[in-house]
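The basis for the numbers below is simple: all heavy atoms, side chains too, and nothing from hydrogens, waters or symmetry mates. Note that ligands are numbered from 1 as they come in the structure, with each ligand's atoms numbered from 1 the same way.
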Amino acid sequence: MANTDIQNRIQELRDFVNRCNYQYYVLSNSIVSDYEFDMRLRELQDLEAQYPEYDDPDSPTHRVGSDQNQEFRQVEHKYPMLSLANTYSEGELRDFDARIRKLIPGVDFTYSCELKFDGTSISLTYVDGRLTQALTRGDGKKGDDVTNNVRTIKSVPLKLSGKDFPKEFEIRGEILMPHESFNRLNAERLEIGEPPLANCRNAASGTLKTQNSAAVAKRGLDCYLYYLLMDQLPTDSHFKNMSIARDWGFKVSENMAKAKSIDEVWSFIEYWDKEREKLPYDIDGIVIKVDDMHLRDTLGFTAKTPRWAIAYKFKAEEAASELLSIDYQVGRTGVITPVANLSPVHLAGTTVKRATLNNADFIQNLGLHEGDTVYIVKGGEIIPKIIRVDEERRKPGATPIKYIENCPVCGSRLVRNPGEAGHYCPNYAGCAPQITGKIIHFVGRKAMDINCGEATIEQLYNAGLVKDIADMYSLTVDQLEQLDRFARKSAENLVASLDKSKQVPFERVLFALGIRYVGEGAAKILAKKFQNMDALMAASEEEISQADEIGGVIAKSVYEFVRNEGNVRIIERLRAAGLRFEQDAVSVEPTSEKLAGMSIIVTGSFATPKRREELEQMVEQNGGKLQSSVNNKTTFVVAGLKPGASKVQKAEKLGVPIISEDDFLAKLA
Ligand code: IVH
């Protein structure tokens, strides 16, 4: 290669790594596969080593990526948080073993083999048995203080068991999102018109960086611990120390094994490469560590990684297929999702014909061309994804994929909001899939619960009978009977079901309207706070955002929705049709004055599902006033399990007493 070619390649690789790091650490977004990233990073490291004259202190090889985020307080790590050297090859793993044996000749030692959890790393500090701090890795020297969020993760002990734990220590591990939580989160995102998240790791790191710890609590994160740090460790064996940490209450994986030789390590790796698909969470490899702490001290560290450990990363099972075409799907809120149609191929037990392409950046980063041969993998996610293209098999004259500029259905020019990855079709009132998508959402079981399937809605729309959700209430049995496949009985059933839906409570009507970002939970909170549609429509953006757990994004979306004339017309027509736009009056007549003049908050979950509502009712029955957020008028907070972290924090700050359910009942006794 000529010198300028080398320089150009180095620059290209640096740009690529910087771009990926930014997306990954700042935006919690993966734009390439781990394998692709690791290979290009390695190529850059090799070129810089071979041509030191082109090295640059600002090269991304000289720093670990940073997950720091300006919204969190940054705190220095007591012990730097390093990462691990990694490899995809058995040969390099054996080299690692040979290197260690050369550094400590003749010493008989043991490896600890562990799962490499695919989440986001965390460092927890405990003082006197209580969790005092949780920091992300950040840049390895300083991390973000995410203590409030971590406190909501059930598997992280807030208070340790037993007595024999050290006065102060750190323990490190991985926060991850199990498949079940991930699939639930994505189903919820689709429900509120948001594009699904790409994988469990992004979902875990994105969640941990959320500013709303109450929202974090609902996401079902989990945390495995794998590294104890303190000046005087309990024993010289890492394996034993982790078992002791398990007794203190930490979640330490049972899937750890000791290995006396690199062959035994390899058997462990082969076993888990097959078995990992049965785990309820993602792992992306195996971590191999020298077990003995004294030997670790002897082996020491390089600038960035310990010499006593390595991560062997699994290469995802992949298959090659041909890109036949791309469909651009238009969702209910107008979000565009590109999906690749592929020549059918067998992969990890199923035949794959389609793969997600996420968004325009993803396609561009793949460098995808018409008819390309692509490699696909299946992760914990439901839809397989394309991880790279085979440039050598590219057809002569193939042109790069150009992302659409106009809606594939209605032709409107697409928009892309700054800072968002997806494109949107803005024609929400005139674009067929948006209209039918909104009606499908409206009739859904959790919304108006109208007995009407997707095919029927398409049929009604195509027949020109419904153009928006309000048109549903003008349908007549006679009209429906004229349609194909509609017998008189099914026409009558649909009209009866529409009639019955007029009894659906306000909170579900609000959810059914399909306001972007307003899921079932947010609708419930808004209905409770504003009591009726008129009050919500009159509220300012700020007033909306003051409702419990309603952040700025939801508030803006609601505010804009109810200011749109088209939406207002639909709301009025639904009101005229008899839908409920007022919260049921649960008039609670005070029967005692025990709590008169007191302002009270009930937060968290209790032993039974409806208990919180019961306690709230008791407050009102005894003359107390319920509040939704803590302020200097709050008399006390009744906290159950997993109380809202922001409420607890504010109460502690203002010196407002936080009492248990039993204390509260004692006051009423
Ligand atoms: S030990 C000095 N053990 O992998 C480094 N790390 O690529 C100590 N990880 O930053 C880390 N599972 O976030 C260790 N069983 C395990 C792990 C693990 C996942 C992550 C961790 C680390 C990264 C290194």
### salt bridge (Lys or Arg N to Asp or Glu O under 4.0 Å) involving K653 - partner list, sequence neighbours excluded
none
#### Entry: Under 3.5 Å side-chain donor-acceptor pair for E12 and N8
no
### Query
Just by distance, with hydrogens left out, do D145 and T147 show a side-chain donor and acceptor under 3.5 Å apart?
yes
#### Entry: Residues in contact with ligand 1, criterion: heavy atom under 4.0 Å
L82, L84, E114, L115, K116, F117, S121, E174, Y226, Y227, V287, K289, P306
Indicate every side-chain donor-acceptor pair of residues 242-250 with a distance under 3.5 Å to a residue at least two apart or in another chain.
unit_1: R246; atom_1: NE; unit_2: V252; atom_2: O; d: 3.3
unit_1: R246; atom_1: NH2; unit_2: S253; atom_2: O; d: 2.9

### Task
Working to the nearest 0.5 Å, report the span between NZ of K260 and OH of Y111.
11.0 Å
Donor-acceptor pairs under 3.5 angstrom involving side-chain atoms of residues 227-235: please list them, not counting sequence neighbours.
unit_1: D231; atom_1: OD1; unit_2: Y79; atom_2: OH; d: 3.2
unit_1: T235; atom_1: OG1; unit_2: S237; atom_2: N; d: 3.1
unit_1: T235; atom_1: OG1; unit_2: S237; atom_2: O; d: 3.1
unit_1: T235; atom_1: OG1; unit_2: N241; atom_2: OD1; d: 2.7

